[in-house]
Each structure stands twice: as C-alpha cells, then as structure tokens.
Amino acid sequence: MEKIILTGDRPTGRLHVGHYVGSLKERVRLQNSGLYDKIFIMIADAQALTDNAEHPEKVRENILEVALDYLGCGIDPEKSTIFIQSMIPELTELTFYYMNLVTVSRVQRNPTVKSEIQMRNFEASIPVGFFCYPISQAADITAFQATDVPAGEDQMPMLEQCKEIVHKFNTVYGDTLTEPEIVLPDNSACLRLPGIDGKAKMSKSLGNCIYLSDEPDEIKRKIMSMFTDPNHLAVSDPGTVEGNPVFTYLDAFCRTEYFSGYLPEYHDLDELKDHYRRGGLGDVKIKKFLNNVIQSELAPIRERRRMWEKRIPEVCEILRHGSETAQMAAARTLHDVRAAMRINYFEDTSWVENHIRGAI
Ligand code: ATP
Ligand code: MG
C-alpha cells in the first residue's frame, strides 16, 4: 500500500510556533524521510469560511501568508503538493455523501467542536457548515487515500470521526476508502502548545501567539510578557515548573546544546528546572534564555520566508500547480466512490439494460 500524507491549516492568520511544533516540524521531517509516496498539504480555505463567512477577505489574504509560512519552514514543493481546498470541488461532493453516514448526535459529541463552539460564542447560532466541518475534514483526508495525518492533539477526535466514516462507507458500499492514522509529535509539550497568556492552546483566534514571521524584537517583547508561576513572586521563592508556559516552551524548543551557548552555568533543562523548584532562579533569566532559544529556532525560518516573499508569482504558481495535481488525485477517489455507491449512471449502464430487459 502507498504511504500518503494529508494535512493542512486554516488560512485564518499567519502560522505560529504552536503549528510549528505541533505539526509543521513533523511534516518537514516526514517529507525529508523519503518514506512517503505522496504528500498533500492543504490550505483549508473552505473550512476557514465555516466560521468566517462574513470575512472572506481575511481568508483570501491569509492564503499566501500560510503558503509563505510553509515554504519558510522547509516544505519543499518538489516533494510536497501544496493546494487550496476550495479549488477541489470533489471534496464538497464527498462531504455531501459522507453526511448521510454520520448522525447529528455523533457530531455533537466531538469534544474539539464543542470547545470551539464555546470559544466562538456560537452556542445559539452555530453555522451548519461549521458544525459539519469534521465530516468535510474526513472528505479531505480520504479523497487522497491518506494513510498518515500529522497534526496536533486537538485533531484526534477528527481522525476518530474520519475512521468511523471510512468503516461505515466500506461496510455499506464495499472496500473503497483508506483508514488514516494521526501522527502526533513525540514530545508531549508539542501536542498542544499553550498561548503566551497561559491559556490552554496557542490559537490564531485567541490572539495569544508568537508567529513564525514575527520580527526578533516582537518575539522578545512577547516572551518577556509571558505568564509564569503566579506564586513565584520573589527570586528566592520556590517555583512550579508543571503547567508553567515558559517551561512548556523550553520543553518544546530547547535542545541541550543551547545551554553551552546561552546559559553555560547549567548542563541541561533538568538542572534548570531543579533550580527553579528550589528557589533562587528569577523568571527574567529564564525568559531571556527562552528568547535566545526561540530566536535561534525561528531565524532560519524567517530568512527562508523572506526569500520567498520576493518571489510571490512563483508561490502562486506552486499553489496553482499543486491544486491541479490534488484535483486529479481527488477525482480518482470520487470516481471510485461513485462506482461503489452505484451512482455512476452513465459509466455503468446496467441499471438501464436491466430495466429494458424487465420491460420486454
Ligand atoms: P484557528 O484558531 O483558526 O482554528 P488554529 O491556530 O487552531 O487556528 P488550525 O489551522 O486550526 O490552527 O490548526 C492547524 C494545525 O496546527 C492542526 O494540526 C492543529 O492540531 C495544529 N495546532 C494548532 N494550534 C496548535 C497548538 N497550540 N499546539 C500544537 N498544535 C497546534
Ligand atoms: Mg483550529
């Protein structure tokens, strides 16, 4: 069986370091591993419209921003197909058929959808399209017969839903679709990176992000303003590491070699944590170290992004070409889906012939 990746992001803003550690870094690693036959990376504009219907310009403007973030991180258009979701009408048609295989109460149980509804204050007025986006996401994944989906932890319920749809479809209509597996980051700090405000998730919609394209002074300002342990008032106070976002970021980003360059009095992160727990280590010192770490990680991404910013027509061509390639792949799956459902009326005309025979 071919190994195929499908993954993507909503163009609701520029991408942030949560996307990077939760999914982008893993995508680049998998892309360069040579283990995959095909890699599809989707800019999910149709999904972004499900909660931004009145702001299509926001979605449109962010398509290039997301594409630039991809290229900046090292997504290579020679190895990965980057495409725009709404350019593939086959995805909408698949969604429409899959909707019949899912109950309303099943979608209502999805914990990610539940928390997103709350976050957007949608309670009494949920757009139907938003409510159904896990089904459309199942269409996105299965259209490419994806075997692997590198994503953050919040996507686990979507993958469960997708597997159920695949199982139901294959049971009712015969084996047609491939069951995908989520690929989560190994490092638990990367599963759901908190915001700089200490909220559970860094998210474009919450405005608590360090963006991959932020300038160095902006990154520094954000890091120095980060939440830490609220009970760590004096430097001498013992501090808490668990749930402290500054340490979660260090868990996510810090490599041991950074200590010799930026904080040589410690050997590794464990030593730094122990000192913080004991007391006698100030927040400012750790934040300065974290700033050096994140600056080192983001500088090459920002530089590569800048290089692509000067080549926008080429970026647009990458998206156009990628969308054409993706459309052909999705069309093949839709063809098989229609055949399995026996709604390929003019390709398999046995229904007409049977009718004629019956009539004679
Ligand atoms: P929005 O607020 O518009 O939903 P978002 O910041 O949640 O935006 P998405 O485009 O929904 O970003 O997510 C894209 C991918 O990035 C998904 O795989 C998701 O799991 C991952 N991701 C997003 N935020 C984080 C985070 N804070 N930590 C780890 N992974 C994340
Ligand atoms: Mg999201």
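Indexing begins at 1, ligand by ligand and atom by atom, following the structure's order.
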For atom 5 (P) of ligand 1, which of H19, R10, Q155 has the closest heavy atom?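 Heavy atom nearest to atom 5 (P) of ligand 1 belongs to H19.
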If you take the nearest heavy atom of each of R120, K204, E116, which one is closest to atom 8 (O) of ligand 1?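 The option holding the nearest heavy atom is K204.
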For [X] and [Y], take the angle between the two ring planes, folded into 0 to 90°, and tell me which bin it lands in: parallel under 30, tilted 30 to 60, perpendicular over 60.
X    : Y    : result
Y345 : W351 : perpendicular
F144 : F83  : tilted
F169 : Y98  : perpendicular

Residues which pass side chain to side chain contact (heavy atoms under 4.5 Å, CB included) with S260, listed by chain and number, not counting sequence neighbours: none
Where is the nearest protein heavy atom to [atom]: which residue, which atom, and how far?
atom                    : answer
atom 2 (O) of ligand 1  : S205 OG, 2.5 Å
atom 3 (O) of ligand 1  : T12 OG1, 2.7 Å
atom 7 (O) of ligand 1  : K201 NZ, 2.5 Å
atom 15 (C) of ligand 1 : D9 OD1, 3.4 Å
atom 26 (C) of ligand 1 : L193 N, 3.6 Å
atom 19 (C) of ligand 1 : D154 OD1, 3.3 Å
atom 30 (N) of ligand 1 : G18 O, 3.3 Å

Quick one: which ligand 1 atoms are inside 4.0 Å of a heavy atom on A151? 18 (O)
Which ligand 1 atoms, with their elements, are less than 4.0 angstrom from a heavy-atom of G22? 29 (C), 30 (N)
Does E317 come within less than 4.0 Å of R320, counting only side-chain N to carboxylate O?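 Answer for the salt bridge query: yes.
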Under-4.0 Å salt bridge between D69 and R14: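 Result for this pair is no, no salt bridge flagged.
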Cationic tip of R311 above W308 ring, under 6.0 Å, 45° of axis: yes
Taking only residues two or more places apart in sequence or in another chain, which ones pass side chain to side chain donor-acceptor pair (under 3.5 Å) with E93?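 For E93, the residues satisfying side chain to side chain donor-acceptor pair (under 3.5 Å) (neighbours in sequence not counted) are Y97, R338.
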I'd like to know whether ligand 1 has L191 as a neighbour, heavy-atom separation below 4.0 Å.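 Checking ligand 1 against L191, which is what was asked, there is a heavy-atom contact under 4.0 Å.
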Should C190 be listed as contacting ligand 1, given a heavy-atom distance under 4.0 Å as the test?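 The answer is yes, since C190 has a heavy atom less than 4.0 Å from ligand 1.
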Distance-only polar pair, side chains of S23 and R27, donor-acceptor under 3.5 Å: yes
Where does C209 meet ligand 1, judged by heavy-atom distances below 4.0 Å: at the side chain, the backbone, both, or neither?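 Looking at C209 and ligand 1, no heavy atom falls under 4.0 Å.
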Backbone, side chain, both or neither: what part of T7 comes under 4.0 angstrom of ligand 1, heavy atoms only? neither
Please find out if less than 6.0 Å separates the ring center of F289 from that of Y266.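 Judged by ring-centre distance (under 6.0 Å), F289 and Y266 do not meet the cut-off.
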Are any of the N/O atoms in S203 less than 3.5 Å from those in ligand 1? yes
What about G152: any of its N or O atoms under 3.5 Å from an N or O on ligand 1?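 Yes; the residue has a nitrogen or oxygen that sits under 3.5 Å from a nitrogen or oxygen of the ligand.
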More than 12 heavy atoms of other groups within 6.0 Å of F227 CZ: no
